[in-house]
There are 2 protein chains.
Amino acid sequence: MAATIKDVAREAQVHMSTVSRAFSVPHRVRPETRTRIMEAARRLGYRPSRVARALTTGRTHNIGFIVADIANPFFPPMIKAAEHTARARDYHLFVADASEDPAIEAELVDALAKQVDGVVLCAPRVSNAKIERLNETIPIALVNRKMTGIPSVTMDVVDGSQVAIEHLLELGHRKIAYVSGPRQSWTNSQIRRSVTSTADDRAEVTVLGPNTPNEDAGLAVAEQVASSGITAVLAYNDLLAIGLMEGLHSLGVDVPGQVSVIGIDDTVLARLARPSLTTLIVPTPDAGTAAIDLLLQYAAADMGEEEPRGGAHISLPTKLVVRDSTAPPPD
Amino acid sequence: MAATIKDVAREAQVHMSTVSRAFSVPHRVRPETRTRIMEAARRLGYRPSRVARALTTGRTHNIGFIVADIANPFFPPMIKAAEHTARARDYHLFVADASEDPAIEAELVDALAKQVDGVVLCAPRVSNAKIERLNETIPIALVNRKMTGIPSVTMDVVDGSQVAIEHLLELGHRKIAYVSGPRQSWTNSQIRRSVTSTADDRAEVTVLGPNTPNEDAGLAVAEQVASSGITAVLAYNDLLAIGLMEGLHSLGVDVPGQVSVIGIDDTVLARLARPSLTTLIVPTPDAGTAAIDLLLQYAAADMGEEEPRGGAHISLPTKLVVRDSTAPPPD
DNA sequence: GACCGGCCTACAATCGTTTGCGTAATTTAA
DNA sequence: TTAAATTACGCAAACGATTGTAGGCCGGTC
């Protein structure tokens, strides 16, 4: 049906191999033959088969991009950026949704392994040991997780949550809660640690959770917050924060009058919520782009094209944006 | 490196072809040989190469999923559902973002064509003629566009916008605007037509646009709305509606006191906006699932496995959800 | 006991490229 | 003009599977 390299060869009166070279190493074929070949290719509407090419070269020019939950507004901007930069490098992206499930995550890597040059795991829920093992099969790059020996890009939530907590301390809060995210999240443990160490003895910190990082879970945790004398909350992400605000609202607790709330991610939702949500800006598009580039150079190294660089780590800065959900505690 | 079918064959003391059959047509190989083969495969950690398989069978078990803008919250739930149902059918999804650009859209289809069994075009911006031509290269299924001869799934926005307009008429509005979406959007023209024909001579309808379907464009159109005596607006999507509400707010125009606003899509944003947005619920996950299934059966037919069914059209029901952004007009 | 019909399994061609190797053609040097 | 050094191209073997065809073995029948 579609034209193959053989058809082009016949049309241009040369051997297949010459056609192949005309595309891959143009300078190795005489200019006039080259143009003759290109002409023929154009006439026949020839496009090289990536599949066949992959079979011989061992490189598919595809990348797997696995996220915990596509519907979580944290991810789309990252996926979008990743897809664009991949395309700019002549790569295509398989996007898969692991539904916050470690087992599915691992299975996806295995399933994809045979038809990609590498996999980006975003906010992985799977264990370090498992990642280590998967990385022996196929090059892996991590987003929102740091492991020695594996390239990764993380958001500097340690600094970010520190800034967030300082903000609350400055406002005068002394009873603070951290609404925790999923247990398997590396980011979550980073934040938790940072929160308690920042508060130190300047404030009492309660950890509520772990929670699935969605609105419903946030809503469910509202009661605990309302009944515990807590005056300020930092949540693992905007979804939890917004759910919490809704829950508090329906319990008649005023935000920020009685309780201040801070989210993380600065998703589109944060600005729209009422009160608008004070939150941590994390550069998700940059993370997507960086992850692709890191993976690509790591994968190239893996194919012996250059010195393997092991685990390069990129940490992206975060920034607190203060909106209307934070205020001094009630006296 | 990784085990091939040949390794398994050697390990199990049979010919490659037998191994192949053990996987693809298990009943054609003697049970004991089969278990011996499976054992060997397990020991070697063998996974068939989808790439090699694709080369002989002509089926890649991959699907291209092209959307206008991943970051538009309308799409992620659809992508998620599509990815899940594709996976359940043993297919993987290439997701690509066309940035609302017809040229990129077409280029993406071409680029993907050689390594997918079909492509789902979501809310395509490219012309009918071009789609027709692309469909000759590779099976295509459409979401939010209807064309004879090509399978598609659409949301019943004609009915939906009719209901929306009736809602406004009942409230007493007589000067209504439709804030139009992108010119190339099929849905957009459907809605526009439906709005004007529903209003008929019961209300005066102004069309504002076309607009890029994002918040900024909505914001920009606020001034026109404010200065024209319009008391109610239906917008092409939630993003435009929300932008418009913001714009009106900053112009000191009260929603819904002075102007009522209705969106379309019922994205996560609608419920969060203040006032919460009256909008049209469209079943995006169902659309994703249906598109995959339609494409798969259409693509199978295309491979001669059954009678081609040409263009099956699925229309999904929409539903108006009334929230706080609509009210009677000021007297 | 030879023959026939069914299962199983092996053989080998094929899918569309890439690529190392060899050779014809061309250029350069002498 | 000829030998040497390049260059341009053709040849054919991979890559890892699938699949049509053919042969081997088996038991059962007459």
Side-chain angles (χ1 to χ4, degrees), chain A residues 1-38 40-41 44-62 90 111 113-117 137 303-305, chain B residues 1-38 40-41 44-62 90 113-117 137-138 303-305:
Chain A
M1 191 106 312
T4 77
I5 205 175
K6 204 175 290 182
D7 301 322
V8 177
R10 189 175 330 110
E11 178 85 3
Q13 316 251 48
V14 294
H15 193 264
M16 306 168 6
S17 56
T18 309
V19 176
S20 174
R21 275 185 265 264
F23 280 94
S24 52
V25 279
H27 66 278
R28 306 280 297 117
V29 30
R30 191 168 13 138
E32 49 182 302
T33 0
R34 195 194 317 152
T35 61
R36 184 151 43 90
I37 290 172
M38 291 312 183
L44 275 56
Y46 168 75
R47 283 249 182 174
S49 157
R50 283 174 167 257
V51 171
R53 185 192 305 234
L55 192 55
T56 44
T57 62
R59 317 222 57 183
T60 61
H61 270 244
N62 293 146
D90 195 26
K114 277 284 172 42
Q115 55 183 337
V116 299
D117 295 340
T137 313
M303 306 289 289
E305 291 172 26
Chain B
M1 190 105 315
T4 78
I5 204 174
K6 202 176 292 183
D7 301 323
V8 177
R10 188 176 329 111
E11 178 85 3
Q13 316 250 45
V14 294
H15 193 266
M16 305 167 10
S17 57
T18 309
V19 177
S20 174
R21 274 186 259 267
F23 280 94
S24 51
V25 279
H27 66 278
R28 304 278 297 113
V29 28
R30 192 166 13 137
E32 49 184 301
T33 341
R34 194 194 316 153
T35 61
R36 185 151 42 89
I37 289 172
M38 292 311 183
L44 274 58
Y46 168 75
R47 283 250 184 174
S49 157
R50 283 172 167 259
V51 171
R53 180 184 304 209
L55 192 56
T56 46
T57 63
R59 318 221 58 187
T60 61
H61 270 245
N62 292 147
D90 195 27
K114 276 284 172 41
Q115 55 182 339
V116 300
D117 296 339
T137 312
I138 179 96
M303 306 289 290
E305 291 172 25

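Here is the naming used below: chain letters follow the sequence lines, and residue numbers restart at 1 for every chain.
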Tell me which donor-acceptor pairs under 3.5 Å the side chains of residues 15-29 of chain B have, and how far apart each pair is, sequence neighbours excluded?
residue: B:H15; atom: ND1; partner: B:S17; partner atom: N; Å: 3.1
residue: B:H15; atom: ND1; partner: B:S17; partner atom: OG; Å: 3.0
residue: B:S24; atom: OG; partner: B:S20; partner atom: O; Å: 3.0

I need the [X] [atom1] to [Y] [atom2] distance, nearest 0.5 Å.
{"X": "B:Q13", "Y": "B:T33", "atom1": "CD", "atom2": "OG1", "result": "12.0 Å"}
{"X": "A:R59", "Y": "A:R50", "atom1": "CZ", "atom2": "CZ", "result": "12.0 Å"}
{"X": "B:I37", "Y": "B:E32", "atom1": "CD1", "atom2": "CD", "result": "11.0 Å"}

Rounded interatomic separation in angstrom, taking [atom1] from [X] and [atom2] from [N]:
{"X": "A:Q13", "N": "D:dA8", "atom1": "CD", "atom2": "C1'", "value": "17 Å"}
{"X": "A:H61", "N": "C:dT17", "atom1": "NE2", "atom2": "P", "value": "15 Å"}
{"X": "B:R10", "N": "D:dA17", "atom1": "CZ", "atom2": "C1'", "value": "16 Å"}
{"X": "B:H27", "N": "C:dG6", "atom1": "NE2", "atom2": "C1'", "value": "14 Å"}
{"X": "A:E32", "N": "D:dA8", "atom1": "CD", "atom2": "C1'", "value": "11 Å"}
{"X": "B:F23", "N": "D:dA17", "atom1": "CZ", "atom2": "P", "value": "9 Å"}
{"X": "B:D7", "N": "D:dC15", "atom1": "CG", "atom2": "C1'", "value": "13 Å"}
{"X": "A:R30", "N": "C:dA25", "atom1": "CZ", "atom2": "P", "value": "12 Å"}

* Qualifying residues under side-chain hydrogen bond (donor to acceptor under 3.5 Å, both in side chains), relative to B:T60, sequence neighbours excluded -> B:D117

* Structure fact -> In 5'-to-3' order, the base (B), backbone-only (S) or no-contact (-) status of each nucleotide in nucleotides 22-28 of chain D, using a 4.0 angstrom heavy-atom cut-off, is -------

* Asked: Are A:T57 and C:dT19 close enough that a side-chain N or O sits under 4.0 Å from OP1 or OP2?
  -> no

* Ignoring backbone atoms, establish whether A:R28 has a side-chain N or O less than 4.0 Å from OP1 or OP2 of D:dT7. => no

* Asked: Residues two or more places apart in sequence or in another chain: which of them pass salt bridge (Lys or Arg N to Asp or Glu O under 4.0 Å) with B:R53?
  -> none

Contact class for [X] vs. all strands (heavy atom < 4.0 Å): base, sugar-phosphate, or nothing?
{"X": "B:S24", "answer": "nothing"}
{"X": "B:V19", "answer": "nothing"}
{"X": "A:T4", "answer": "sugar-phosphate"}

* Using a heavy-atom distance cut-off of less than 4.0 Å, which residues of residues 44-56 of chain A contact DNA chain D? -> A:L55, A:T56

Taking N or O atoms only and anything under 3.5 Å, show me the protein contacts with nucleotides 11-13 of chain C, one pair per line.
residue: C:dC11; atom: N4; partner: B:S17; partner atom: OG; Å: 3.4

